[in-house]
**Q** 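Below: one structure in structure tokens.
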Amino acid sequence: MNNKKKILITGSAGYIGSCLSAYLEKKFKVYTLDKKKQKNFIKKNKKNFFICNLLNKRKLEKILSLIKPDVIVHLAGKSTVNENIKKNKYYLDNVQATRNIIELMKKLNIKNIIFSSTAAVYAPKKNKIKEIDKLGPISSYGKTKLKVERLLNKNKNIKHVILRFFNVSSCLAKPLVGEFHNPETHLIPISVFKALKGDKINIFGKDYPTKDGTCVRDYIHVKDICIAIHKSINFFKKKQNLTINIGNGKGITNREILLNLKKILKKKINYKFMQKRKGDHPYLICNISKAKRKINWKPKYSKVINILNDEIKWSKYLIKNKFIRKFANVQK
Ligand code: UDP
């Protein structure tokens with residue numbers, strides 16, 4: 001029991017963080033850290049939860065020296081592409097916060113970190129994106145994530161696994177934990193929630209150069225993300241660094257998401273086309289062969305029907321318990 005590895009998850013009150021802490025709980029000794037409290041629908045083991053802003057280096061040092069984690073899973077940061085957020089805020093929450101973690105890791109001899117990066121570090125491409133493809137983030141979000149990747153690459157005495165996530169979606173079914181952004185901007189939670197309520201879904205753009213004119217994305221079930229992180233923890237045995245894409249490996253259009261929802265819910269889906277959203281790429285699809293090769297991971301839960309069915313369970317739970325969900329307007 002006592003030999004279980006100690007894993008510290010930063011950003012544990014966020015979407016992936018909440019799912020991951022629930023998923024890893026029985027496998028490791030899990031510690032969680034966030035600058036804010038867990039949302040009230042997620043039950044947490046309060047004993048191992050620390051409230052700390054990563055920019056407060058002194059407090060962070062106390063916590064890290066107390067825990068001395070074997071691995072830090074660093075998920076905290078500004079996570080949506082939103083050009084309305086001041087660039088400096090992205091820099092502080094994404095780059096400076098990670099710089100603090102790295103400096104303290106060196107000081108306290110903490111060796112391993114898993115960093116959640118993003119598909120937004122790549123330059124746009126029509127075909128499946130490989131890790132060796134051209135980098136070229138256009139959003140502040142993507143740029144700051146890439147800066148952190150470079151910071152990690154420079155620090156040779158710390159081992160890292162960088163996971164470039166594509167479109168993370170859906171929920172953990174057991175225990176039930178899911179996505180709850182305020183406001184919500186993502187297609188899957190918005191369309192499932194609105195479809196259940198019979199509300200109108202806005203689809204941004206219908207004349208993209210894709211097979212049906214709507215954008216193509218690569219949706220990956222959050223449970224597959226948790227498994228990828230679990231496998232990355234085990235990868236540290238090899239004492240190598242690694243950067244890999246984590247996605248489904250298949251693209252699906254916005255219109256096809258709605259068609260699948262219609263099939264599952266057996267009802268007409270109410271939607272209208274709106275103007276294109278600023279900064280959207282027509283295609284974003286992942287090549288997952290490196291993840292297969294290096295950590296023996298491939299998606300198991302990410303068929304679109306499964307993603308939508310689980311998200312339906314989560315949305316029904318939120319509706320039944322009268323959680324107020326806000327949605328962003330056209331621009332993110
Ligand atoms: N989208 C949409 N309506 C919405 C939210 C998103 O049509 O209410 C589209 C968005 O323009 C993009 C796709 O759905 O083409 C995926 O967007 P999402 O925000 O889920 O993920 P992103 O790929 O931007 O990270």
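Counting convention: from 1, in listed order, for ligands and their atoms alike. These figures come from a predicted structure and were not determined experimentally.
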**Q** Taking N or O atoms only and a 3.5 Å limit, does N167 qualify as a polar contact for ligand 1?
**A** yes

**Q** Give a yes/no verdict on a cation-pi contact between K223 and Y301, requiring under 6.0 Å between NZ or CZ and the six-membered ring centre and an angle within 45° of the axis.
**A** yes

**Q** Could you tell me whether some N/O pair between F204 and ligand 1 is separated by less than 3.5 angstrom?
**A**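 For ligand 1, there is an N or O atom that lies under 3.5 Å from one belonging to F204.
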
**Q** Distance under 4.0 Å to a non-hydrogen atom of C215: what atoms of ligand 1 satisfy this?
**A**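 So the atoms of ligand 1 that pass are 15 (O).
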
**Q** Has ligand 1 got any nitrogen or oxygen that is less than 3.5 angstrom from a nitrogen or oxygen of H186?
**A**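 Min N/O separation from ligand 1 is not below 3.5 Å for H186.
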
**Q** Is the terminal nitrogen or CZ of K276 (NZ for Lys, CZ for Arg) located under 6.0 angstrom from the six-membered ring centre of Y208 and within 45° of that ring's axis?
**A** yes

**Q** Does a donor on one side chain sit under 3.5 Å from an acceptor on the other, for Q96 and N100?
**A**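 Their side chains do contain a donor-acceptor pair, which is all the 3.5 Å distance test asks for.
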
**Q** Check I203 against ligand 1 and report side chain, backbone, both or neither, counting heavy atoms closer than 4.0 Å.
**A** both

**Q** Before accepting this row, confirm whether a basic side-chain N of the pair K128/D133 lies closer than 4.0 Å to the acidic partner's carboxylate O.
**A** no

**Q** For Y283, does the six-membered ring have the charged nitrogen or CZ of K125 within the cation-pi criterion, i.e. under 6.0 angstrom from the centroid and within 45° of the normal?
**A**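 No, cation not above the ring by the 6.0 Å, 45° rule.
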
**Q** Can you tell me which portion of I190 lies within the under-4.0 Å heavy-atom range of ligand 1? Options are side chain, backbone, both, or neither.
**A** side chain

**Q** Is there a donor-acceptor contact under 3.5 Å linking the side chains of H74 and T98?
**A**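 Yes - a donor-acceptor pair under 3.5 Å links their side chains.
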
**Q** Knowing that exactly one of E131, R164, H281 qualifies, which makes a side-chain hydrogen bond (donor to acceptor under 3.5 Å, both in side chains) with Y122?
**A** R164

**Q** Would you mind listing which atoms of ligand 1 come within a distance below 4.0 Å of any non-hydrogen atom of T185?
**A**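 Listed by number with element: 5 (C), 6 (C), 19 (O).
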
**Q** Considering N254, L258, L284 one by one, which has a heavy atom nearer to atom 13 (C) of ligand 1 than any of the others?
**A** N254

**Q** Has ligand 1 got any nitrogen or oxygen that is less than 3.5 angstrom from a nitrogen or oxygen of I188?
**A**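 In fact, backbone or side chain, I188 has no N or O that close.
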
**Q** Side chain or backbone of Y219 under 4.0 Å from ligand 1, or both, or neither, by non-hydrogen atoms?
**A** side chain

**Q** Identify, by atom number and element, the atoms of ligand 1 in contact range of N202, meaning under 4.0 Å from any of its heavy atoms.
**A**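 Close to N202: 2 (C), 3 (N), 4 (C), 7 (O), 8 (O).
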
**Q** Determine whether the side chains of N245 and K290 contain a donor N or O and an acceptor N or O closer than 3.5 Å.
**A**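 Judged by distance alone, the side chains do not pair up.
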
